[in-house]
**Student:** 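Dropping a structure here in structure tokens format, bear with me for questions.
Since this is a predicted model, take the numbers as computed values, not measurements. Order of listing sets the numbers, starting from 1, for every ligand and every atom in it.
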Amino acid sequence: MDISLKGKFALICGSTQGIGFATAKVLATLGANCILMARNEDSLKKAVQQLSTEQGQQHRYHIADFSEKGQIETAINQLVADTRISILINNTGGPKSGPITEALISDFESAFQQHLIGNHILSKAVIPGMKALGYGRIINIISTSVKTPLPNLGVSNTIRAAVASWAKTLSNEVGKFNITVNNVLPGLTETARLTSLIEQTAKIQQSAPHDLEKNMVNTIPMARFGKAEEVANVIAFLASPAASYVTGTSIRVDGGRTPSI
Ligand SMILES: NC(=O)c1ccc[n+]([C@@H]2O[C@H](COP(=O)([O-])OP(=O)(O)OC[C@H]3O[C@@H](n4cnc5c(N)ncnc54)[C@H](OP(=O)(O)O)[C@@H]3O)[C@@H](O)[C@H]2O)c1
């Protein structure tokens, strides 16, 4: 089975911590040259320094805030001017939590920009290069809410479904060029995002974060939260030559938590 990414260029977004950073580490270990993209330059520098260079890989970063369309366009246009990206990992921070009845119009607009418009700008920019290479992997990190809406994540549930639909449509159009488009749906994964969700929800429910955490773990058949590396491993498989006939799908990495089949 060929899972080597040697010589390939991978753009990994939202990659200074959490699932994005774990993904960059795995892709680098498999030989990819990684380009990290996020907002915080210090964190980007530190993250790049931690990636494997054992196969002669060269890693770098671009700064962009995905809530600003212009920043994404500038960063990706600079990048594709001299680099053919084979692997694009669309990822960014999660939308604001809260019940849908309390969501502001601006909450939907900013989540749509950051998740769907951001993915679209990046994908459109890298697809010509992928066509020329005859190899492309676009992987979107979304959420299991694509399968079952989650409580207290009104805006997120709404926008995630739009991203999944966008991705399926895109996969239908680019499959004939050997470009695959897939979604990875993390369940409860130990990252800063999960810690902040637990703290916010505990506040709303007026419960102790530790009790809430225990209740959450009880909903997972594997009886524990996931690790960012466990999500990254699935992403890495989808990015590899071995996943050549997998497209248009959404894969859950959630310890069995999502109730539907
Ligand atoms: N962790 C979970 O349990 C879980 C479950 C389901 C779905 N998810 C989803 O999976 C994705 C990744 O989650 P995570 O837990 O790894 O998140 P995380 O630990 O909060 O990391 C988010 C990453 O995205 C970057 N980022 C945030 N806002 C950005 C912006 N406006 N523009 C560009 N980059 C931005 C951050 O770097 P900078 O701050 O430097 O920009 C960071 O590298 C999110 O969409 C999340 O909602 C997570």
Side-chain angles (χ1 to χ4, degrees), residues 11-26 34-48 50 61-76 89-98 110-119 121-122 139-164 183-201 212-213 216-217 219-220 224-232 234-235 250-255 257-258:
L11 170 59
I12 306 118
C13 303
S15 42
T16 54
Q17 60 176 42
I19 295 165
F21 179 50
T23 301
K25 283 200 285 190
V26 180
C34 295
I35 300 124
L36 309 189
M37 201 177 270
R39 294 167 302 179
N40 185 308
E41 185 162 20
D42 286 343
S43 310
L44 282 162
K45 277 185 189 158
K46 276 187 206 141
V48 162
Q50 293 175 64
Y61 65 82
H62 279 257
I63 304 167
D65 182 342
F66 284 17
S67 56
E68 301 287 338
K69 196 162 63 115
Q71 285 194 25
I72 310 176
E73 283 165 345
T74 303
I76 193 65
I89 312 296
N90 280 319
N91 177 50
T92 181
K96 199 170 133 188
S97 63
S110 62
F112 191 76
Q113 158 58 42
Q114 203 176 319
H115 290 261
L116 198 138
I117 303 292
N119 291 0
I121 292 170
L122 294 167
I139 300 154
N140 311 298
I141 302 175
I142 319 185
S143 162
T144 56
S145 62
V146 164
K147 300 288 177 191
T148 315
L150 299 168
N152 204 41
L153 285 168
V155 173
S156 180
N157 292 336
T158 309
I159 300 302
R160 306 296 196 179
V163 173
N183 306 319
V184 169
L185 315 180
L188 296 168
T189 312
E190 283 168 352
T191 68
R193 162 80 172 168
L194 183 62
T195 308
S196 100
L197 278 179
I198 290 173
E199 280 165 7
Q200 286 165 27
T201 311
L212 178 66
E213 205 175 302
M216 287 164 89
V217 167
T219 65
I220 306 170
R224 64 173 176 86
F225 291 147
K227 297 192 185 317
E229 295 72 24
E230 293 176 302
V231 181
V234 176
I235 296 168
S250 292
I251 301 180
R252 306 163 218 196
V253 187
D254 67 351
R257 181 167 185 255
T258 305

**Student:** Among all protein heavy atoms, pick the one closest to atom 24 (O) of ligand 1 and tell me residue, atom and distance.
**Tutor:**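 Protein heavy atom at minimum distance: Gly14 CA, 3.3 Å.
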**Student:** Are any side-chain N or O atoms of Asn91 and backbone N or O atoms of Gly14, one a donor and one an acceptor, separated by less than 3.5 Å?
**Tutor:** yes
**Student:** Quick check: does any side chain N or O of Glu68 sit under 3.5 Å from a backbone N or O of Ala64, one acting as donor and the other as acceptor?
**Tutor:** no
**Student:** From atom 22 (C) of ligand 1, work out which of Cys13, Ser110, Ala228, Gly93 has a heavy atom at the shortest distance.
**Tutor:**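 Of the listed residues, Gly93 has the closest heavy atom.
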**Student:** Is there side-chain contact between Lys96 and Ser110, with at least one heavy-atom pair below 4.5 Å?
**Tutor:**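 Lys96 vs Ser110: side chains apart.
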**Student:** Tell me the protein heavy atom at minimum distance from atom 10 (O) of ligand 1, and give that distance in Å.
**Tutor:**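 The closest heavy atom on the protein side is Ile141 CG2, 3.7 Å.
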**Student:** Strictly distance-based, threshold 3.5 Å: is any side-chain N or O of Asn140 a donor or acceptor partner for the main-chain N or O of Asn183?
**Tutor:** no
**Student:** Which is it for Ala64 and ligand 1 at heavy atoms under 4.0 Å: side chain, backbone, both or neither?
**Tutor:**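 Backbone only.
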**Student:** Which is closest to atom 7 (C) of ligand 1 in terms of heavy atoms, Asp254, Thr189, Leu197, Ile142?
**Tutor:** Ile142
**Student:** Hey, is Met37 touching ligand 1 through its side chain, its backbone, both or neither, going by heavy atoms under 4.0 Å?
**Tutor:**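 It is neither; nothing of Met37 touches ligand 1.
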**Student:** Side chain, backbone, both or neither: which part of Ser196 has a heavy atom under 4.0 Å from ligand 1?
**Tutor:**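 Neither; no heavy atom under 4.0 Å.
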**Student:** Considering only the protein, which heavy-atom contact is closest to atom 31 (N) of ligand 1, and what is its distance?
**Tutor:** Asp65 OD1, 2.9 Å
**Student:** For Phe21, is there any backbone N or O sitting under 3.5 Å from a side-chain donor or acceptor partner on Thr23?
**Tutor:**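 Between the backbone of Phe21 and the side chain of Thr23 there is no qualifying donor-acceptor contact (under 3.5 Å).
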**Student:** Shortest non-hydrogen contact from Ser143 to Arg160?
**Tutor:**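 Smallest heavy-atom distance, with atoms named: CB-NE, 3.7 Å.
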**Student:** Please write down residue, atom name and distance for the protein heavy atom closest to atom 6 (C) of ligand 1.
**Tutor:** Pro186 O, 3.2 Å
**Student:** How far apart are the closest heavy atoms of Ala192 and Gln17, and which atoms are they?
**Tutor:**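 Looks like CB-NE2, 3.5 Å.
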**Student:** Tell me the protein heavy atom at minimum distance from atom 39 (O) of ligand 1, and give that distance in Å.
**Tutor:** Arg39 NH2, 2.9 Å
**Student:** Which of the atoms in ligand 1, numbered in the order shown and given with their element, are less than 4.0 Å from a heavy-atom of Asn40?
**Tutor:** 40 (O)
**Student:** Is Leu150 close to Ser156 at the side-chain level, that is, under 4.5 Å between some pair of heavy atoms?
**Tutor:**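 Heavy-atom side-chain distance check fails, nothing below 4.5 Å.
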**Student:** Among Ala47, Ser143, Gly187, which residue places a heavy atom closest to atom 4 (C) of ligand 1?
**Tutor:**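 Shortest heavy-atom distance from atom 4 (C) of ligand 1: Gly187.
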**Student:** Which one of Leu188, Leu44, Thr92 has a non-hydrogen atom at the shortest distance from atom 44 (C) of ligand 1?
**Tutor:** Thr92
**Student:** Nearest heavy atom to atom 13 (O) of ligand 1 wins, so pick from Val146, Val184, Ile19.
**Tutor:**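 Of the listed residues, Ile19 has the closest heavy atom.
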**Student:** Is there a polar contact, in the sense of an N or O pair closer than 3.5 Å, between Phe66 and ligand 1?
**Tutor:**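 So ligand 1 has an N or O lying under 3.5 Å from an N or O of Phe66.
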**Student:** Within the structure provided, determine whether Ile220 and Asp254 are in side-chain contact (heavy-atom separation under 4.5 Å).
**Tutor:**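 No, their side chains stay 4.5 Å or more apart.
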**Student:** Can you report which non-hydrogen protein atom sits closest to atom 18 (P) of ligand 1, along with the distance?
**Tutor:** Gln17 NE2, 3.3 Å
**Student:** Taking all heavy atoms of Gly118 and all of Ile72, pick out the closest pair and write down the distance.
**Tutor:**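 Looking at all heavy atoms of both residues, the closest pair is CA-CD1, 3.7 Å.
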**Student:** Just go through Asn91, Ile72, Val231, Thr191 and tell me whose heavy atom is the nearest to atom 15 (O) of ligand 1.
**Tutor:**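 The residue whose heavy atom sits nearest atom 15 (O) of ligand 1 is Thr191.
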**Student:** Closer than 4.0 Å to some heavy atom of Gln114 - which atoms of ligand 1 meet that?
**Tutor:**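 Every atom of ligand 1 under 4.0 Å from some heavy atom of Gln114: 28 (N), 29 (C), 30 (C), 31 (N).
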**Student:** Taking 4.0 Å as the limit for heavy-atom contacts, which would you say applies to Ala38 with ligand 1: side chain only, backbone only, both, or neither?
**Tutor:**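 For Ala38, the contact with ligand 1 is made by both the backbone and the side chain.
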**Student:** Atom 17 (O) of ligand 1: which protein heavy atom is closest, and how many Å away?
**Tutor:** Arg193 CB, 3.6 Å
**Student:** Measure across Val253 and Glu230 and return the closest heavy-atom pair with its distance rounded to 0.1 Å.
**Tutor:**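 Minimum heavy-atom separation between Val253 and Glu230: CG1-O, 3.8 Å.
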**Student:** Among Val231, Ile19, Leu197, which residue satisfies the side-chain contact (heavy atoms from CB on, under 4.5 Å) criterion with Thr191?
**Tutor:**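 Running side-chain contact (heavy atoms from CB on, under 4.5 Å) over Val231, Ile19, Leu197 with Thr191 returns exactly one hit, Ile19.
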**Student:** Hey, does the side chain of Thr219 reach the backbone of Met216 with a donor-acceptor pair shorter than 3.5 angstrom?
**Tutor:**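 Yes, Thr219 side chain to Met216 backbone: donor-acceptor pair under 3.5 Å.
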**Student:** Which bit of Arg160 is near ligand 1, meaning a heavy atom under 4.0 Å away: side chain, backbone, both or neither?
**Tutor:** side chain
**Student:** Does the residue Ser43 have a heavy-atom contact with ligand 1, meaning some pair of atoms that are separated by less than 4.0 Å?
**Tutor:**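 Heavy atoms of Ser43 never come under 4.0 Å of ligand 1.
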**Student:** Report, in ascending order of atom number, the atoms of ligand 1 lying under 4.0 Å from any heavy atom of Gly18.
**Tutor:**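 So the atoms of ligand 1 that pass are 16 (O), 19 (O).
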**Student:** Where is the nearest protein heavy atom to atom 37 (O) of ligand 1: which residue, which atom, and how far?
**Tutor:** Thr16 OG1, 2.9 Å
**Student:** Do Ile141 and Ile89 have side chains that get closer than 4.5 Å, going by heavy atoms?
**Tutor:**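 Yes. Closest side-chain heavy atoms under 4.5 Å.
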